[in-house]
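A note on names: the letters A, B, ... follow the listed sequences, proteins ahead of strands, and every chain is numbered from 1.
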Number of protein chains: 2
Amino acid sequence: MKEASGRRRTVRISDVAAAAGVSKTLVSYALNNRPGVREETRERIVEKARELGWTPSLPARALSVSRAYAIGLVFEKSPEALASDQYYTSLMAGLQSVLANERYSLVTEVVESTEAEREAYLRLAQDGRVDGMVIVDLRQDDPRFALVREAGLAFVSLGWPPERTTMPVLVYDESEAITDVVRHLVDLGHRRVAQVVGPQTNAPARLRRELYQKRFREHGIDASRWIESDYTAAGGRAATAALLDGDRRPTAIVYSNDLMAVAGMSAAFSRGLRVPTDISIVGWDDITISQYLHPALSTVTQHPFDDGKVAATLLLEAIGGREFVEPVWMPNPRFVPRESSGPASA
Amino acid sequence: MKEASGRRRTVRISDVAAAAGVSKTLVSYALNNRPGVREETRERIVEKARELGWTPSLPARALSVSRAYAIGLVFEKSPEALASDQYYTSLMAGLQSVLANERYSLVTEVVESTEAEREAYLRLAQDGRVDGMVIVDLRQDDPRFALVREAGLAFVSLGWPPERTTMPVLVYDESEAITDVVRHLVDLGHRRVAQVVGPQTNAPARLRRELYQKRFREHGIDASRWIESDYTAAGGRAATAALLDGDRRPTAIVYSNDLMAVAGMSAAFSRGLRVPTDISIVGWDDITISQYLHPALSTVTQHPFDDGKVAATLLLEAIGGREFVEPVWMPNPRFVPRESSGPASA
DNA sequence: GTGGCTCCTTGAACCGGTTCACGGCAAGCT
DNA sequence: AGCTTGCCGTGAACCGGTTCAAGGAGCCAC
């Protein structure tokens, strides 16, 4: 097929103006629902525009109003880690679900170092490619807040930012789910438990670990056994191996994501241990396959799609000028006991 | 923190021109490496530009050269299906890995119907938001090719397009891996095998099913047992249930993706069957957790990240005007036998 | 009849780049 | 000396929208 191009003739605002017999100013007013256009004229213009199939050129509009009509999402993550974590994809889908209706687009980037992340932020901002950023996976002393501040970009933060801000912030309380997990394990008789946690430079990962420890202590359980890992399957397997091969093997292990938990189960199996008879496993995330595993994984469900929806809505409002004083609380994650956790072995 | 805005004063090309004591035309020439600028002058301009931290405004450039400096990727998929399939995320990462260096961005959309998909395509094209599209998951009589043709957009197709085109096409040969899987199963003594396949409106899904059937027949195996499913875990589980609960239970099932295979294993387990002792399972994709399952899943590995890299490279060349006559062959998928396939039960 | 007011409409500037056509100047040629 | 040629540089138009300030028409009141 010969690409039937030959200069795609796009219809401009001046074409609509000519067709309707008015100035292009009036067309602009009419189609942006500005006051000061006679109703009859407005209708005629709208009709003509529809007839000609006119849609405004985004670059042109972007240039004149200094808005990109797009928001950015930068993942600082290995492609592998990104691909195997459903949270982000669902979050994206949630963002899209509201952006599409507002004629906004989502510009994504995947970078593999904080240096590249910095460049990506600067580039998106300086190029005028986006009007705001979605900030996820908050880290200790997160540099991204300074970047958006300097760039004058709006943002929405999924998690507590380091300073007060007038931008929207989404938070939720993990302590309830954690309390449930710990009680569940204690009720099943577990006394020797260990944690496999995410990178401790990552603020939520740290908080989650601390909340678990707090609850463990409240039940008189030694909370000192935790291993820092990296949310990958390989990392989870290695951490689990260390726990299982050490002395005083735990009777239960809680993981900070499902992927590590699955890998942990695999490590247990390869040592001839049975789950949950010999060791109980609890994950975090509730990825799709968790319920299809054998045994099905006890875990904590989150709501990334809804997070995305709310984040996008608020970010658009922030871009529109709204100021936020209070963080928005999202529904809490919820513990879902399944087959991988059972009575403690003797 | 008070957002330190107060109108972010961006540096324009005219500022650079003033600083270097030349016209803005010359600045433009100098920074775009055009001929007709004295070397000494060019250096002075570049120096000043760097000093002032100038980067071109994307909307402005986009407006004047009619290029968006972005490419689009539209997924017509439920968020759930998208999130649980690593292929797409890895593909995105692969695309990004080359786009970032070229100052191109990736604009993604997630839509849930072919109608919404159509709108997304039209919108991206008419708005002048992208210069080209990445077309994945080819369907029967795929409408997207007509859309990009009408819109005059460049594209790269991952799979055979319905008509000849001068745009880049990426293909690979699955028959080799399929031959290996079938020989593997035959060598293990399997004679009753079934397939759980993807939506047959999806061209590659159909082809994969046919290739499997062809090989089965070559070994004198009844190839008529296949169930169409939807690539989701729930679908895979239901299809597997139908196969296991029918008469003449197969001794092996091959799935068109890992997610369905995992769900299939789960269905087998819940009926008290052992894998692979009672039934062998083979997937397709090699998602991260496949090797961490118990038993580890025999499957076929692909290279979505590399696909993305190559696709982006070729698409950029196509946008630059290059015409393609031959499709580009990617490395073939490869069968990876693991623990979920073993000798046929009696 | 004139001033003032409201309502609708328009010309022109502007957003920040790219690019075309042209001009000045020095060197090279006859 | 006069003409061509090439190099380097510039003014102005253009991309396709938005928006400001101003203008014309119609109406009312004094």
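- Of the candidates dG11(C), dT19(C), dC15(C), the closest approach to any side-chain atom of Ser23(A) belongs to dG11(C).
- Among the nucleotides dT19(D), dC8(D), dG17(C), the one closest to any side-chain atom of Arg38(B) is dC8(D).
- For Tyr88(A), the ring pair (Phe, Tyr, Trp, His ring centres under 6.0 Å) criterion is met by Phe75(A), not counting sequence neighbours.
- When distances run from any side-chain atom of Arg12(A) to the nucleotides dT9(C), dT18(D), dG16(D), the shortest one goes to dG16(D).
- Distance, Tyr29(A) OH to dG11(C) C1': 11 Å, rounded to whole Å.
- With Glu117(A) as the fixed residue, the salt bridge (charged side-chain N to carboxylate O under 4.0 Å, His left out) test singles out one of Arg139(A), Lys77(A), Arg123(A): Arg139(A).
- Of all nucleotides listed (dG11(D), dG17(C), dG16(D)), dG16(D) comes nearest to the side chain of Ser64(A).
- Rounded to whole Å, the distance from OH on Tyr69(A) to P on dT18(D) is 8 Å.
- Between Asp127(A) and Tyr69(B), the side chains place no donor N or O within less than 3.5 Å of an acceptor N or O (distance only, hydrogens not considered).
- Closest to the Val37(B) side chain, of the nucleotides dG9(D), dG16(C), dA12(D), is dG9(D).
- Residue-level contact check: Ser57(B) touches the backbone only, with heavy atoms under 4.0 Å from sugar-phosphate atoms and none from bases.
- Rounded to whole Å, atom C1' of dT10(D) lies 16 Å from atom CZ of Arg34(B).
- Nearest to the side chain of Thr25(B), among dA12(D), dT18(D), dG17(C), sits dA12(D).
- One can place CZ of Arg44(B) at 13 Å from P of dC8(D), the figure rounded to the nearest angstrom.
- Rounded to whole Å, atom P of dG17(D) lies 21 Å from atom CZ of Arg61(B).
- Side-chain atoms of Lys24(A) lie closest to dG17(D) of the nucleotides dG17(D), dG16(C), dT10(C).
- Nearest-nucleotide mapping onto DNA chain D: of Leu63(B) and Arg42(B), the residue sitting toward the 5' end is Arg42(B).
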